[in-house]
Amino acid sequence: MRAITVRVPAKVNLQLAVGPLREDGYHDLVNVFHAVSLFDEVTAAEPGDLVDPGDPRGLGGPIRVMVRGASAAEVPVDESNLAVRAAQALARSAGRSYRAELVIDKAIPVAGGMAGGSADAAAALVACNELWGLGLPVEDLMEIAADIGSDVPFALLGGTAVGTGRGERLTPLETTGTFHWVFALADGGLSTPRVYGECDRLRAAAGAGVPRPVASEPLLAALREGDAEGLGRALCNDLQPAALSLRPSLARTLEAGRELGALGAIVSGSGPTCAFLAESQAHAAGLAAALGEDGEICRSAVTASGPVPGAMPAD
Ligand code: C5P
């Protein structure tokens, strides 16, 4: 059986500076992406090999998908699944009606602000490029990725990078060492368009102008120098007030992490996952245990480290 498995990381936004709403419905960003060691796996195979044809969660048609893992039921298996859309876009770009069956092993929180859907799309591009023997260079995959979603190109690239435009134009950043993280997972997701909409609404209500987004120099310096304390102080997310407005309980989650000695505490992307920067792997493990043991603070807490590489074959 010919099957290609690709492993792909989640991301956390170290800085998410959001400009005014554009005419196309997007916002100009300065988006410092950081890939962390929470991984989904996407396996692509010739039809008939992987997805059980009797499985009601499988989709008919040339690209079929099935999702496994604790939160599999929350992931769509129709054409709104970003991995399906990515495989379809890749087949279209090659001008052929290729077929594939995709199996997604899901560990990244669903609708959690960690770009799990975008990660699966990136992994599907790499897996199907290989399965179908297309041999497209990563630059071509990047272009297809940007059409699928603003966060998909970064999931191909990995590491740490600054995204501009709507987040899809990437410049890799030099960083030193490894940063240790704790992610507090919440029950239920938050819709990204809804959080951006709430951000616009809060800003309009405040009546102040929206400045052009600019990269934070202290943040870039902390990354370059491997300075976890400096990075913790510089973390910033313009979507955080909107996420807190839609999910007020997150304020308590962030506060609990700060009280437990996190170097920085932030909502990840559009939330509701909260990210905490720790001093060391041991500190992260202790923080995760403390956050996870009180069911009122979060559903569960996991540790991860970054930066890690983007989507690549698992073996
Ligand atoms: O690009 P993607 O499809 O992932 O974006 C999802 C939604 O997030 C968009 O439809 C838009 O509402 C919002 N968004 C935005 N500005 C960005 C990126 C995303 O408003 N730069």
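Numbering of residues begins at 1 and proceeds along the displayed sequence. In listed order, ligands and their atoms are each counted from 1.
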Residues in contact with ligand 1, criterion: heavy atom under 4.0 Å: G25, Y26, H27, L29, G149, S150, R166, T192, P193, Y196
Plane angle bin for H34 and F179 - parallel if under 30°, tilted between 30 and 60°, otherwise perpendicular: perpendicular
Atom CZ of R166 with >12 non-hydrogen neighbours under 6.0 angstrom: yes
Name every donor-acceptor pair, under 3.5 Å, that has one atom in a side chain of residues 212-234 and the other anywhere in the protein, sequence neighbours excluded.
{"residue": "S216", "atom": "OG", "partner": "L219", "partner atom": "N", "Å": "3.1"}
{"residue": "D227", "atom": "OD1", "partner": "E229", "partner atom": "N", "Å": "3.2"}
{"residue": "D227", "atom": "OD1", "partner": "G230", "partner atom": "N", "Å": "2.9"}

M142 CE to D147 CG distance, which is reported to the nearest 0.5 Å: 13.5 Å
side-chain contact (heavy atoms from CB on, under 4.5 Å) between W181 and T303, worked out: CA-CA 6 Å; W181 297 92; T303 59; over 6 Å; no
Stepwise side-chain contact (heavy atoms from CB on, under 4.5 Å) test for M312 and V6: CA-CA 5 Å; M312 62 169 60; V6 170; 5.6 Å; no
